[in-house]
There are 2 protein chains.
Amino acid sequence: MTTQLDDRAYRIGEVADLVGITTRTIRYYEELGLLGADRARSKGAHRQYTDADVGRLQELIRLRDLLGLTLDELTALAEAEEARAELRQRWQSDPSDDERRRILDASIPLVERQLALVRARQRTLADFGEELESKLRRLRRHRRELAD
Amino acid sequence: MTTQLDDRAYRIGEVADLVGITTRTIRYYEELGLLGADRARSKGAHRQYTDADVGRLQELIRLRDLLGLTLDELTALAEAEEARAELRQRWQSDPSDDERRRILDASIPLVERQLALVRARQRTLADFGEELESKLRRLRRHRRELAD
DNA sequence: TCGCTACTTAACGTAAACGTAAGGTAGCAG
DNA sequence: CTGCTACCTTACGTTTACGTTAAGTAGCGA
């Protein structure tokens with residue numbers, strides 16, 4: 001059902017193209033701690049990304065674009081998720097049930113917070129939309145009353 | 001039904017408080033042509049605003065905050081409305097039916113454009129929300145399957 | 001192994017959207 | 001008429017979120 005994931009390693013340029021941003025933005029986000037600022041990498045070596053990373057970045061960009069979150073706010077939201085991504089590594093290797101539970105118990109409230117933000121914005125937008133609708137109805141009614 | 005309008009003259013500080021922004025922002029918007037950059041005013045005199053201005057500014061701020069429109073985009077949207085506000089002056093004084101029709105015919109497509117922007121954003125947000133929902137459902141299902 | 005291309009770090013530059021400070025004035029209360 | 005306060009203009013400063021350039025290197029195909 002979901003789009004096929006390749007599970008290969010991406011280089012920064014590919015990631016940028018996939019997500020629709022520039023490599024500069026990716027490095028900048030890493031600088032801010034938004035994106036695998038931790039991952040060890042021998043000095044000068046190319047950055048490597050998984051498709052989990054790509055999905056994560058895509059989510060961040062959408063939160064930025066759709067909700068207008070600042071990078072500080074994104075960082076706050078993502079800090080917890082960073083731990084989650086770290087934990088996900090272990091998911092593959094040592095999936096003890098106890099470990100899995102801890103991972104899920106950390107992930108769920110995170111997605112819940114994102115969803116809450118989206119829902120809140122949807123409500124304010126709905127309010128604004130209704131105001132515009134009724135304004136439009138008033139204008140149109142006036143216009144009809146002045147039929148040419 | 002709508003909140004009572006006072007129909008008095010506001011000074012810039014009052015407007016700022018009402019709308020929840022600073023006076024600097026209002027002057028800056030005027031500088032950009034977003035807000036009565038045209039209205040004549042003897043040099044050094046205080047700016048005067050009507051409650052129509054307040055409503056207009058409030059709408060602009062919401063478009064900025066909810067849709068993340070840049071001030072350039074806001075300007076594009078508002079340019080037409082500027083003419084409208086100018087025309088509205090005449091509405092009070094000389095409301096010939098022909099004039100009214102022209103005003104309405106200019107106003108309606110404007111509000112329609114704003115509404116279209118709001119609706120579009122609502123849709124993308126709804127999509128994002130649903131993705132987050134299904135992600136959340138997957139996580140919760142996993143969690144249940146690992147009942148402690 | 002050569003060579004090309006996309007990567008690396010470091011540093012300075014920039015556009016948007018205001019903040020802030022200085023020196024002066026309008027306008028209203030008393 | 002006197003003050004006081006909120007306004008005025010001008011101008012430089014600041015933050016955010018990257019863009020751009022420079023000088024060098026990693027990694028892969030031929």
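All figures in this text were calculated on a predicted structure; none of them were measured in a lab. In the text below, chain A, chain B and the rest are named by the order of the sequence lines, each starting its count at 1.
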Which residues pass the side-chain hydrogen bond (donor to acceptor under 3.5 Å, both in side chains) test with A/Y49, sequence neighbours left out? none
Interatomic distance, A/R39 CZ vs C/dT8 P [rounded to whole Å]: 13 Å
Measure from CG on A/L35 to C1' on D/dA17 and round the result to the nearest Å. 16 Å
Tell me whether A/E14 contacts the main-chain N or O of A/R11 through its side chain, where contact means a donor paired with an acceptor under 3.5 Å. yes
Here the distance between atom C1' of C/dA17 and atom CG of B/L34, to the nearest Å, is 12 Å
Does a nitrogen or oxygen in the side chain of B/R64 sit under 4.0 Å from OP1 or OP2 of C/dC18? yes
Have a look at A/T22 and say if it touches a base, only the backbone sugar-phosphate, or nothing, with a 4.0 Å heavy-atom cut-off. sugar-phosphate
Residues which pass side-chain contact (heavy atoms from CB on, under 4.5 Å) with B/A9, listed by chain and number, not counting sequence neighbours: B/Q48
Listing request: all salt bridge (Lys or Arg N to Asp or Glu O under 4.0 Å) pairs with a residue in residues 18-30 of chain B, at least two apart in sequence or in separate chains. B/E30-B/R41, B/E30-B/R47
Indicate whether OP1 or OP2 belonging to D/dC7 is found under 4.0 Å from a side-chain N or O atom of B/R47. no
Assert: residue with more 5' nearest nucleotide on DNA chain D, out of A/Y29 and A/K43, is A/Y29
At under 4.0 Å, does any side-chain N or O of A/R41 touch on OP1 or OP2 of C/dC7? no
Qualifying residues under side-chain hydrogen bond (donor to acceptor under 3.5 Å, both in side chains), relative to A/Q58, sequence neighbours excluded: none
B/E31 CD - C/dA16 P separation (whole Å): 13 Å
Under a 4.0 Å heavy-atom cutoff, the residues of residues 11-20 of chain B touching DNA chain D are B/R11, B/I12, B/G13
Are B/R56 and B/E59 close enough for a salt bridge, meaning some N to O gap below 4.0 Å? no
Can you name the residues that form a side-chain contact (heavy atoms from CB on, under 4.5 Å) with B/I108, not counting sequence neighbours? A/L136, A/L139, A/R140, A/R143, B/E112
Sorted by chain and number, sequence neighbours left out, salt bridge (charged side-chain N to carboxylate O under 4.0 Å, His left out) with B/E31 holds for none
Nearest whole Å is fine: how far is D/dT10 C1' from B/E30 CD? 15 Å
CG of A/L74 versus P of D/dT16: gap in Å, rounded? 14 Å
Identify all side-chain donor-acceptor contacts of residues 117-124 of chain B below 3.5 Å with residues at least two apart in sequence or on another chain.
from	atom 1	to	atom 2	distance (Å)
B/R119	NH1	B/Q122	OE1	2.7
B/R119	NH2	A/E133	OE2	2.9
B/R121	NH1	A/L66	O	3.2
B/R121	NH2	B/L67	O	3.4
B/T124	OG1	B/R121	O	3.0

Please pick, from D/dC8, D/dC18, C/dA16, the nucleotide with the shortest atom-to-atom distance to any side-chain atom of A/Y28. D/dC18
Reckon B/T23 touches a base, only the sugar-phosphate, or nothing at all at heavy-atom distances under 4.0 Å? nothing
Can you name the side-chain hydrogen bond (donor to acceptor under 3.5 Å, both in side chains) partners of B/E131, sequence neighbours left out? A/R62
Inter-end axis angle, the helix from C/dT1-D/dA30 to C/dG30-D/dC1, with every axis fitted to five base pairs (rounded, 10 degrees): 20°
DNA chain C nearest-nucleotide lookup for A/Y49 and B/T25: closer to the 5′ end is A/Y49
Write down the distance between CD1 (A/I26) and C1' (C/dT8), rounded to a whole number of angstrom. 14 Å
Output one line per pair: protein atom, nucleotide atom from nucleotides 20-25 of chain C, and distance, for all N/O pairs under 3.5 Å.
from	atom 1	to	atom 2	distance (Å)
C/dT20	O4	B/R24	NE	3.4

Starting at atom CD of A/Q48, determine the distance to atom P of D/dA26, rounded to an integer number of angstrom. 14 Å
Heavy-atom donor-acceptor pair, A/E73 side chain to A/T70 backbone, under 3.5 Å: yes
Identify, with sequence neighbours excluded, every residue that meets side-chain hydrogen bond (donor to acceptor under 3.5 Å, both in side chains) alongside B/S134. none
Between D/dC7, C/dG19, C/dA17, which one does the side chain of B/R27 approach most closely? D/dC7
